[in-house]
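Worksheet: the structure to be examined is printed underneath.
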2 protein chains.
Amino acid sequence: MNHLRRIVQALELYSKEVEANFGLTGPQLWALWELGQGGPMALKELAARMHLHPSTVVGVVDRLSAKNLVVRAEDPLDRRRVRVSLTAKGKTTLRKAPHPAQGRLVHGLRSMSSRQLSSLHRSLGRLVQIMEADDLEARFFFSPE
Amino acid sequence: MNHLRRIVQALELYSKEVEANFGLTGPQLWALWELGQGGPMALKELAARMHLHPSTVVGVVDRLSAKNLVVRAEDPLDRRRVRVSLTAKGKTTLRKAPHPAQGRLVHGLRSMSSRQLSSLHRSLGRLVQIMEADDLEARFFFSPE
DNA sequence: GCAGATTGATTGGCATGCCAATTAAAAGGA
DNA sequence: TCCTTTTAATTGGCATGCCAATCAATCTGC
């Protein structure tokens, strides 16, 4: 538990550091990266790819848009949707940016043996599986819709 | 990376759930628990035990104090310090509260073999070690005071 | 075709978390 | 002793993240 908290904290510190030296926070970089991978997409899809709540992503897109790295456009086929896409500046920035996979963590992982690594990956994957199953149960228990 | 994010997210969801059903968020419960373990202590010490920034803990203590679960008192020996301590209500609440070690995670961990568990613990511990070492280096590199 | 349900984005409210700056108190040095 | 530095707590500003509520657009059933 404590280790997890420390890792998360180290990730957040890294995000601050990137922000101070590059002008973009971790989540902002991450969103930019997803847009680079998947091309222009609806805000809802971006949120889904990031496993975040849409209302969270609205704020991130707002800030990226204020920096002229992305633009919102109307989707002609479904006017409820907002197509978020990279600007030219966004693409350039993305090319120069550090990979959003959080440098320090990557460094830490690289220094582990591949056997250790795959064991860690398996264990974490299993944890996620169990915790998300629990979550579904809990949701069902509290509000069965 | 993705697994870590999901685990953290599951923890936050659990915190929301506890809040909805118990009236206290994860960090609030955590602070209460530390006070239960260590007795009355300075805000700074509480922050150190939680590995959080003092300014963060000010807010948590504010909210706990608004709920009459803790009180701030002046330290007669050092008037800069604020002694935070549990109220009677705080102690009662703490006895009834779920353990702050995040139920779903515990459940997930319990279902793993002890061999898997200790391997996971070792791996995470190693990651923390490496990431925190990196952090020191980075701080030194960016601002060598 | 039209009323009612659903869906996508947004807003407002709130809790965490950080940092930088401020204030008050204590410690240290000349 | 007095002045400077350090230390503890707080404040204000900001970014994430959630949820609940709202608004507009789309879809469905009758």
Side-chain angles (χ1 to χ4, degrees), chain A residues 5-6 8-21 23-31 41-48 50-67 72-84 100 135 139 142-143 145, chain B residues 5-6 8-21 23-31 41-48 50-67 72-84 100 135 139 142-143 145:
Chain A
R5 278 202 258 257
R6 306 289 276 278
V8 171
Q9 205 160 30
L11 289 178
E12 280 161 6
L13 275 176
Y14 179 71
S15 167
K16 292 268 171 199
E17 207 177 290
V18 169
E19 185 181 9
N21 291 293
L24 290 178
T25 63
Q28 287 168 18
L29 209 51
W30 181 15
M41 62 183 84
L43 189 139
K44 168 147 193 166
E45 194 191 333
L46 182 55
M50 297 173 75
H51 297 285
L52 292 177
H53 198 280
S55 65
T56 301
V57 178
V58 166
V60 175
V61 168
D62 280 349
R63 285 177 285 275
L64 287 175
S65 158
K67 288 168 183 152
R72 283 179 167 93
E74 219 180 55
D75 182 335
L77 295 174
D78 184 341
R79 280 171 29 237
R80 286 171 305 184
R81 285 202 168 97
V82 167
R83 245 172 63 103
V84 183
D135 184 49
R139 281 169 187 283
F142 286 121
S143 63
E145 306 117 26
Chain B
R5 278 203 258 258
R6 307 288 277 278
V8 171
Q9 203 160 32
L11 289 176
E12 279 161 5
L13 275 175
Y14 179 73
S15 167
K16 291 270 169 193
E17 206 177 291
V18 169
E19 184 182 10
N21 293 293
L24 290 178
T25 63
Q28 287 168 20
L29 209 51
W30 183 14
M41 62 184 84
L43 189 139
K44 166 145 196 167
E45 193 191 332
L46 181 54
M50 298 172 76
H51 297 285
L52 290 177
H53 198 280
S55 66
T56 300
V57 178
V58 166
V60 175
V61 169
D62 280 349
R63 285 177 285 275
L64 287 175
S65 159
K67 288 168 183 153
R72 281 179 168 93
E74 217 180 58
D75 182 335
L77 295 175
D78 184 342
R79 286 181 13 247
R80 288 171 305 181
R81 286 205 168 93
V82 167
R83 247 173 60 105
V84 183
D135 185 49
R139 280 169 188 286
F142 286 122
S143 63
E145 308 115 25

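The chains referred to below are lettered A, B, ... by the order of the sequence lines, with proteins before strands, and numbering in each begins at 1.
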Whole-Å distance between C:dT22 P and B:Arg80 CZ? 20 Å
Mind checking A:Arg72 for me? I need base, sugar-phosphate or nothing, with any heavy atom below 4.0 Å counting as a touch. sugar-phosphate
Nearest-angstrom distance from the residue atom CG of A:Leu52 to C1' of C:dG8: 17 Å
Which of D:dA9, D:dT26, D:dT16 is nearest the side chain of B:Arg81? It is D:dA9
Can you check the B:Asp62 CG to D:dA9 P distance for me, whole Å? 13 Å
Can you tabulate the close N/O pairs, meaning under 3.5 Å, that link protein atoms to atoms of nucleotides 20-23 of chain D?
none

B:Ala42 and B:Arg81: which non-hydrogen atoms are nearest, and at how many Å? CB-CD, 3.8 Å
Decide yes or no for A:Arg63 and A:Thr25: does some side-chain heavy atom of the first lie under 4.5 Å from some side-chain heavy atom of the second? no
Value in whole Å for how far the P atom of C:dT6 lies from NZ of A:Lys44: 14 Å
For the residue pair B:Leu52 and B:Leu46, establish whether any side-chain heavy-atom pair is separated by less than 4.5 Å. no
Considering only side-chain heavy atoms of B:Thr25, which listed nucleotide, C:dA15, D:dT26, D:dA15, is closest? C:dA15
Rounded to whole angstroms, how far apart are CG on A:Leu64 and P on D:dA15? 11 Å
Closest heavy-atom pair and its distance - A:Pro54, A:Leu43: O-CD2, 3.8 Å
Roughly how many Å is it from CG in A:Leu77 to P in C:dG8, rounded to a whole number? 14 Å
Of the listed nucleotides (C:dT16, C:dA25, C:dT10), which one gets closest to any side-chain atom of A:Leu43? C:dT10
Return the value, rounded to whole Å, for the distance between atom CD of A:Glu74 and atom P of D:dT26. 9 Å
Please find the pair of heavy atoms, one from B:Ala31 and one from B:Val60, that lie closest to each other, and give the distance. CB-CG1, 4.0 Å
Just verifying a value: how many Å separate B:Arg83 CZ and B:Glu74 CD, rounded to the nearest 0.5 Å? 11.5 Å
Interatomic distance where CH2 belongs to B:Trp30 and P belongs to C:dA15 [whole Å]: 18 Å
Which sits closer to the 5' end of DNA chain D, A:Asp78 or A:Thr56, going by the nucleotide each is nearest to? A:Thr56
Lys/Arg N to Asp/Glu carboxylate O, A:Asp62 vs A:Arg72, below 4.0 Å: yes
Looking only at C:dA26, C:dA15, D:dA8, the nucleotide nearest the B:Arg79 side chain is C:dA26
Which nucleotide in the set C:dA15, D:dA15, C:dA9 lies at the smallest distance from any side-chain heavy atom of A:Val82? C:dA9
If pairs are Watson-Crick or G-U with both distances under 3.5 Å, what is the dot-bracket string of DNA chain D, marking crossing pairs with [ ] and pairs to another strand with |? ||||||||||||||||||||||||||||||
Does a side-chain heavy-atom distance below 4.5 Å link A:Met50 with A:Thr56? no
Under the 3.5 angstrom rule, does the side chain of A:Lys67 hit a backbone N or O of A:Leu24 as a donor-acceptor pair? no
Assert: residue with more 5' nearest nucleotide on DNA chain D, out of A:Val57 and A:Pro76, is A:Val57
Of the listed nucleotides C:dT10, D:dA8, C:dT16, the one nearest the side chain of A:Val58: C:dT10
